[in-house]
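Residue numbers start from 1 in every chain, and the chains themselves are labelled A, B, ... in the order their sequence lines are given, proteins ahead of strands. These numbers come from the heavy atoms of this one structure, side chains and all, not from hydrogens, waters or symmetry mates.
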Amino acid sequence: MPACHSHSLTPPLAAWFADQRGQPQGFQRAAWKAHAEGRSGLIHAPTGFGKTLAAWLGPLDEAMRDLPHDRPAPCRLLWITPLRALAADTLQALAEPIQHLGLPWEIAARTGDTSAYRRAKLRERLPFALITTPESLSLMISQPDFRRRLAGLTTVVLDEWHELLGSKRGVQTELALARLRRWFPELRTWGLSATLGNLDQAREALLGNRHPEGVTLTAPVIKPLEIETLIPQDIERFPWAGHLGTRMAGPVARRILQARTTLLFTNTRSQTELWFQEILAALPDLHGQIAMHHGSLDREERQRVEAGLKDGSLRCVVCTSSLDLGVDFAPVDQVIQVGSPKGIARLAQRAGRSGHQPGAKSRILGVPTHALELIEFAAARDGWEAREIEARIPLHQPLDVLVQHTLTCLLGQPDDPAELLQEFRTTRAFRDLDSTSWQWLVGFITSGGHALQAYPQYRKAHQGNDGLLHFDDAAAARLHRMNIGTITSDPAITLRFASGKSLGTVEESFISRIRPGQVFVFAGRQLELVRFHQLQATVRASTKKHRGQVATWNGGKSPLSNELASAIARRLHHPPSPAPEHRAVQPILDVQRRWSVLPGRDQLVVEFTRTREGEHLFIYPFAGRLVHEGLATLAAARLSRDIGESVDLTQNDYGFSLMAVRGLSLSEALIRSLLSPQDLLDDLLSAMNSAEMARRQFREIARVAGLLAPDLPGKRRSHRDLQVSSSLLFEVFTRYDPDNLLLDQARREILERQLEWTRLKATLDHLAQRPLHLIETERLTPMAFPLWADQLSAHLPAGDAHTRLEAMLARLEQEASQS
DNA sequence: GACCTGCTGCGGCGTG
């Protein structure tokens, strides 16, 4: 072994390690050594491979060398975790060696869950190691004497750094790190990350301008990942479209019986509700041992389920990505994914919830909900084997976060604007923040800007005679602390029994479709709505025989990742290796090939089909749903301008379709003009009603920047009249302060987040170079069918669409098997 | 305010 040997832990610590884990791994030794040399960096290893000890034993070892062993130690380490639930587990893990060695050094956690009493204690004295969240760290930064209490800090660790990266939470953390490093120039920063496509950028965001001195340490092990797919019995009768996949419930239930504990992931909350019912119905004997977990369930219920997983009393939990991360579930021995994996890293992350011990294999069972999803699982395996892991791109200059953070800093201590700017420029996110923008920001927080200068509540800071910026209005300070954080969400409706017990939340749009007396399914129960009044819904358990409709939410729409989309396109045309999924779906692919061609990445396939509804174009760029939405909107707007007819559109992860009663044709010139990159931005913005989108996006920005009065805890929204709505602010800025940089940010965020501008532009440029393969088909092909079905259900009453779909499906299946 | 399928995450305080 190379230089790694040159650093050895102090004997008692080394003995403890050997006793617990045997030989340290190379990357762990390397981390301890780098830490002892005063370096920082990123540690990258699969779950369960000892990242925690790699980051923890360095500072612990150092403290054992230079601190007395017989009395409490000053604060040396901050450990940042993105999840409250992880704080408790981390606390336990860090405490282990401390307890074993009998050191009187305190470890404590500080999150939103920490009691007022504990917080007061922590305000007196910080422990040797403090575990906290980015938001709580910001809150502490806003306390005037935090810096003094931290004196002696040597190390900060960012757990699950990949989780924060790519979001405003990540930027908030970058800024907090910059502050800590300004206070303590010798501070060492260690980030822990799962597999990620852009480790370099991750380290840049972690270390800011110290990036060049940093190291990246990777565990040399590649955790074996086994992706198996549940192949439908009769592929000829397996649906070409759909997303629920409940016809696979029987075989899935059998798998659940074969394992001790199963985690069953779905892609949406309502799918979780539905599958929970299906599994319960298939396995009535396991009543009480099957549970569900998603983000809209009451927190107590979720914690109960997490505890049940931990102690092994549950056989199966149906969940959404709410269990992607979190408490350590050593007992889980089977992971199932129902529906599209969406991304390679995502599937690997979920698979990693099983086989937690080093050396153990991660396994996941994929369950397709429609025929082509079989290909997706095979493609995810290809992608993993080729190490095509998705990147998480760090954000660039979100000024709303900087407005918030600047005020947070000033709350802690008055500061010189020039020095603040210098500090902020040490982060990756704001490294090229220009002085003009900074001056604008200072003006905005001290005066409210052009539009709001008449309103004192927007003048939060002032520049004193000392030249420093101050924030010392006690009432405003309290409001600011209540507003810290970058996570925003729409108000939700709490469902309660008459007793007051809360079950969780639904959206207003869902509950307002339910009439009192009607039954619906939520949290795995049949509930009858008693009344819905003042944003409170009262329910009671229903004993009615028929099952009501399952709750739905309008959540995020995560598109197929670029990496997985490419892997799918590649597998269709040049499969890198044989795969059972591919063999199984072959009959469907054969139908596609016979009636049309197989779309892929080498050429752009466009199908033209006439149905009873009209004429359809089906186009398959394989660029993910958001991009297809942008392309379809663009093409539809251009087309209807040309033909003077209204054009309907739909999109999914593989492609999009345009439909008009008449006027479509299969001409290369027409298609090329629809998809021309020329005037792209203008056409797109006007087609997508971007003004309205920006107005909506601005709400989040206004919230993060602290322009909206925070929702006071406990108070209902009836205080709305006191609130300045984000919409009004948007109007005011647009009219009286058009140069407001937050407006600009809203436009940028729309472009990147809703329209995936970069990917969309790249797709169009790529399409312009690909040959077109135009083909008129007599019938809807397997690729076209899901798009057509979507369109149908969007335009007809639900029952009607369903009947027609069934009939069409039956006919197509029949034809497919005959031809 | 739009969506009809669509994820997750924190924090403030006082009370049901």
Could you tell me how far apart A:Glu508 (CD) and B:dC3 (C1') are, to the nearest whole angstrom?
14 Å
What distance separates A:Arg353 CZ from A:Leu263 CG, expressed to the nearest 0.5 Å?
7.0 Å
Once you round it to whole Å, what is the distance between C1' of B:dG6 and CD of A:Glu507?
10 Å
Heavy-atom nearest nucleotide on DNA chain B for A:Gly112 versus A:His294: which residue maps closer to 5'?
A:His294
Among all residues two or more places apart in sequence or in another chain, which pass the side chain to side chain contact (heavy atoms under 4.5 Å, CB included) test with A:Thr488?
A:Glu700, A:Arg703, A:Val704
Once you round it to whole Å, what is the distance between C1' of B:dC3 and CZ of A:Arg625?
11 Å
Can you name the side chain to side chain contact (heavy atoms under 4.5 Å, CB included) partners of A:Ala348, sequence neighbours left out?
A:Leu225, A:Trp384
When the P atoms of B:dT8 and B:dG12 are compared, how many Å lie between them, rounded to an integer?
22 Å
Check every atom of B:dC4, B:dC10, B:dT5 against the side chain of A:His243 and return the nucleotide holding the closest atom.
B:dT5
How is A:Leu139 classified with respect to the nucleic acid when contacts are heavy atoms under 4.0 Å: base, sugar-phosphate, or nothing?
sugar-phosphate
Using a 4.0 Å heavy-atom cut-off across all strands, classify A:Lys501 as base, sugar-phosphate, or nothing.
nothing
Starting at atom CG of A:Asp113, determine the distance to atom P of B:dG11, rounded to an integer number of angstrom.
7 Å
For DNA chain B, what residues of residues 268-277 of chain A have any heavy atom nearer than 4.0 Å?
A:Thr268, A:Arg269
Is there a side-chain polar atom (N or O) of A:Arg513 under 4.0 Å from OP1 or OP2 of B:dA2?
no
Apply ring-ring contact (aromatic ring centres under 6.0 Å, His included) to A:His294 and list each qualifying residue two or more places apart in sequence or on a separate chain.
A:Trp553
Filter on side-chain hydrogen bond (donor to acceptor under 3.5 Å, both in side chains), then keep only pairs touching residues 339-352 of chain A, sequence neighbours left out; what's left?
A:Asn267-A:Arg346, A:Asp324-A:Arg350, A:Gln337-A:Arg350, A:Ser340-A:Glu376, A:Lys342-A:Asp653
Using the side-chain heavy atoms of A:Ser322, tell me which of these nucleotides is nearest: B:dG12, B:dT8, B:dG11.
B:dT8
Checking all strands, does A:Arg350 fall into the base, sugar-phosphate, or nothing category for heavy-atom contacts under 4.0 angstrom?
nothing
Any side-chain N or O of A:Ser509 less than 4.0 Å from the OP1 or OP2 oxygen of B:dA2?
no
Of the listed nucleotides B:dG11, B:dG9, B:dC4, the one nearest the side chain of A:Ile487:
B:dG9
Which of B:dG12, B:dG6, B:dT5 is nearest the side chain of A:Asp790? It is B:dT5
By the 4.0 Å heavy-atom rule, please label A:Arg346 as base, sugar-phosphate, or nothing.
nothing
Of the listed nucleotides B:dG12, B:dA2, B:dG11, the one nearest the side chain of A:Arg696
B:dA2
B:dG11, OP1 or OP2 - any side-chain N/O from A:Arg84 closer than 4.0 Å?
yes
Mind checking if A:Asn267 touches a base, just sugar-phosphate, or nothing, with heavy atoms under 4.0 Å?
sugar-phosphate
A:Ser489 side chain: which of B:dC13, B:dG6, B:dC10 is closest?
B:dC10
Output yes when at least one side-chain N/O atom of A:Arg699 is less than 4.0 Å from OP1 or OP2 of B:dA2, else no.
no
NA contact type, A:Ser138, heavy-atom cut-off 4.0 Å: base, sugar-phosphate, or nothing?
nothing
Identify which nucleotide among B:dC3, B:dC7, B:dG11 has an atom closest to any side-chain atom of A:Thr111, counting heavy atoms from C-beta outward.
B:dG11
Quick one: which of B:dC7, B:dC10, B:dC13 gets closest to the side chain of A:Thr320?
B:dC7
Could you tell me whether A:Gly555 contacts a base, only the sugar-phosphate backbone, or nothing, with contacts defined as non-hydrogen atoms closer than 4.0 Å?
sugar-phosphate
Decide if atom CZ of A:Arg531 counts as having more than 12 heavy atoms of other residues, nucleotides or ligands within a radius under 6.0 Å.
no
Has the side chain of A:Ser321 got a donor or acceptor that lies under 3.5 Å from a partner of the other kind on the base of B:dC7?
yes
Value in whole Å for how far the C1' atom of B:dT5 lies from CG of A:Leu787:
15 Å
To the nearest Å, give me how far apart CG (A:Leu263) and P (B:dC7) are.
18 Å
Figure out the CD/C1' separation between A:Gln404 and B:dC10, and round it to whole Å.
11 Å
Taking the P atom of each, how far is B:dC10 from B:dG6, in whole Å?
23 Å
Nearest atoms (heavy-atom pairs only) where A:Leu137 meets A:Ala176
CD2-CB, 3.7 Å
Using a 4.0 Å heavy-atom cut-off across all strands, classify A:Gly500 as base, sugar-phosphate, or nothing.
nothing
side-chain hydrogen bond (donor to acceptor under 3.5 Å, both in side chains) with A:Thr408: of A:Arg481, A:His480, A:Gln172, only one passes, and it is A:His480
Write down the distance between CZ (A:Arg299) and C1' (B:dG11), rounded to a whole number of angstrom.
11 Å
A:Glu300, CD atom: more than 12 neighbouring heavy atoms under 6.0 Å:
no
Going by side chain to side chain contact (heavy atoms under 4.5 Å, CB included), name the residues that satisfy it together with A:Ala637, two or more places apart in sequence or in a different chain.
A:Ala687
